[in-house]
Structures are given as C-alpha cells and as structure tokens.
Amino acid sequence: MRVVIKIGTSTLTHQGGFVNIRKFDALCKVISDIKNAGNEVILVSSGSIAMGVAKLNLGKRPDDIATKQACAAGGQCELMYLYDKRFAEYHHTVAQILLTAPDLSCEDRHQKFDNTINRLLALGALPVI
C-alpha cells in the first residue's frame with residue numbers, strides 16, 4: 001500500500017518555530033513503523049519557514065517574501081537534517097524532492113516527477129516533499 005502523510009508546521013514546531021522534539025520523534029517513530037509494515041510512504045512536510053525563523057533568530061514569522069524565502073532556505077536545511085537523522089535511527093533513507101507548480105502542471109515535468117518518486121520508492125527510500 002502507498003501512504004501519503006502530510007505534516008503541518010504546527011505539528012513539528014512550537015509557536016516560536018523551534019522544533020517540538022517530542023512530537024517530531026514520535027512522528028518519525030510512527031512513520032517508520034508504517035514503513036516497516038511493508039508500506040510505501042511519501043512524506044509531505046511543511047515547517048521550513050518556521051524553523052528558519054527560529055534558526056535566524058527573528059522572533060516572529062516575516063511578512064515579506066524575501067525574508068520568508070530566506071527563512072525557508074535556512075529552515076529547510078534544519079528540517080531535512082532532522083528527518084535524515086531521525087529516520088536513520090530506524091534504518092530508513094530519506095530523499096528530498098523540491099517541487100514547484102510547473103513541475104505538476106507541465107506534462108513532461110510531471111512525468112519526470114512521477115518517475116523520480118516511483119524510483120525512490122522502488123529503492124526503498126522515504127521521499128520527503
């Protein structure tokens with residue numbers, strides 16, 4: 001069975017953007033168990049902007065696009081590091097897939113996305129989008 005799990009920012013972080021370690025660890029444990037049961041798992045995750053706010057010591061979520069993008073850039077590193085570290089504890093390999101709207105609306109790009117995600121799943125990886 002293929003399972004797609006969406007995790008929102010408020011599930012991963014405290015209000016100030018810092019990681020909610022207890023929830024993060026529990027989610028990775030449950031998701032690993034689902035994968036260990038023989039399921040293909042795709043993880044769709046938010047949280048990069050909030051984690052970037054904390055990492056860059058901004059104190060609150062920015063309003064302007066440039067600062068949001070800067071937060072996302074810094075926070076995405078943190079987010080993927082945590083996923084990689086936690087899932088490795090359960091012997092699962094994560095693979096990050098970054099998407100833009102044209103990746104799904106353009107037929108050629110959509111096919112490439114499908115090919116990539118299907119190949120990652122065939123290799124036993126846990127794609128994080």
Side-chain angles (χ1 to χ4, degrees):
M1 179 184 331
R2 183 171 290 179
V3 180
V4 178
I5 300 169
K6 169 63 170 95
I7 300 177
T9 301
S10 63
T11 303
L12 297 176
T13 62
H14 293 288
Q15 214 167 18
F18 290 99
V19 179
N20 185 327
I21 296 167
R22 193 175 348 203
K23 280 187 180 178
F24 198 94
D25 289 347
L27 282 165
C28 290
K29 187 175 187 177
V30 169
I31 292 167
S32 292
D33 196 42
I34 292 168
K35 191 161 169 39
N36 288 345
N39 297 294
E40 294 178 326
V41 177
I42 299 168
L43 181 58
V44 180
S45 182
S46 299
S48 63
I49 293 176
M51 288 188 182
V53 167
K55 190 172 188 177
L56 297 171
N57 297 312
L58 295 181
K60 67 177 182 120
R61 185 180 170 94
D63 294 324
D64 66 293
I65 297 294
T67 309
K68 285 180 185 176
Q69 289 177 322
C71 288
Q76 190 66 26
C77 295
E78 181 81 8
L79 185 63
M80 286 309 299
Y81 168 78
L82 289 170
Y83 279 133
D84 190 51
K85 184 176 179 186
R86 292 303 190 269
F87 282 115
E89 293 172 7
Y90 300 106
H91 310 289
H92 296 298
T93 300
V94 298
Q96 180 181 24
I97 299 176
L98 298 174
L99 289 177
T100 61
D103 293 327
L104 299 177
S105 62
C106 174
E107 187 175 332
D108 180 52
R109 290 168 74 167
H110 191 273
Q111 186 60 53
K112 289 176 182 174
F113 165 72
D114 284 346
N115 292 343
T116 301
I117 204 156
N118 287 323
R119 187 67 179 131
L120 285 168
L121 291 168
L123 292 169
L126 195 163
V128 179
I129 302 171

* Pairwise ring-ring contact (aromatic ring centres under 6.0 Å, His included) hits with a residue in residues 103-128, at least two apart -> none

* Asked: Linking I/L/V/M/F/W/Y whenever their side-chain heavy atoms sit closer than 4.5 Å, directly or via other members, would V94 and I7 fall into one cluster?
  -> yes

* Sequence neighbours excluded, which residues qualify as side chain to side chain contact (heavy atoms under 4.5 Å, CB included) partners of S105? -> P102

* Sorted by first residue and then second, give each salt bridge (charged side-chain N to carboxylate O under 4.0 Å, His left out) pair with at least one member in residues 93-107; sequence neighbours left out. => D103-R109

* Should I31 and Y90 count as side-chain neighbours, where that means a heavy-atom distance under 4.5 Å? -> no

With a cut-off of 3.5 Å and sequence neighbours excluded, list every side-chain donor-acceptor pair involving residues 12-19.
unit_1	atom_1	unit_2	atom_2	d
T13	OG1	T9	O	2.9

* **L99 atom CG, neighbour heavy-atom count above 12 within 6.0 Å** => yes

Can you list, pair by pair, the side-chain donor-acceptor contacts under 3.5 Å of residues 115-129, counting residues two or more places apart and other chains?
unit_1	atom_1	unit_2	atom_2	d
N115	OD1	Q111	NE2	2.9
N115	ND2	Q111	O	3.4
T116	OG1	K112	O	2.8
N118	OD1	R2	NH1	3.3
N118	OD1	R2	NH2	3.1
N118	ND2	D114	O	3.0

* To do: Consider only side-chain heavy atoms of I, L, V, M, F, W and Y, link residues closer than 4.5 Å, and tell whether L27 and V3 are in one cluster.
  => yes

Hey, can you pull the donor-acceptor pairs under 3.5 Å for the side chains in residues 42-57, sequence neighbours left out?
unit_1	atom_1	unit_2	atom_2	d
S45	OG	Y83	OH	2.7
S46	OG	K6	NZ	2.6
K55	NZ	G74	O	3.4

Anything under 3.5 Å between a donor and an acceptor, one on a side chain of residues 60-70, the other on a protein residue two or more places apart or in another chain? List them.
unit_1	atom_1	unit_2	atom_2	d
D64	OD1	T67	OG1	2.8
D64	OD2	T67	N	3.0
D64	OD2	T67	OG1	2.7

* Residues which pass salt bridge (charged side-chain N to carboxylate O under 4.0 Å, His left out) with D84, listed by chain and number, not counting sequence neighbours -> none

* How would you list all residue pairs meeting side-chain hydrogen bond (donor to acceptor under 3.5 Å, both in side chains) that involve residues 22-38, not counting sequence neighbours? -> D25-R86, N36-H92

* Asked: For S10, which residues count as a side chain to side chain donor-acceptor pair (under 3.5 Å) partner, sequence neighbours excluded?
  -> none

Under 3.5 Å, sequence neighbours excluded: what are the donor-acceptor pairs made by side chains of residues 75-82?
none

* Asked: Which residue pairs pass the salt bridge (charged side-chain N to carboxylate O under 4.0 Å, His left out) test with at least one member in residues 11-21, sequence neighbours excluded?
  -> none

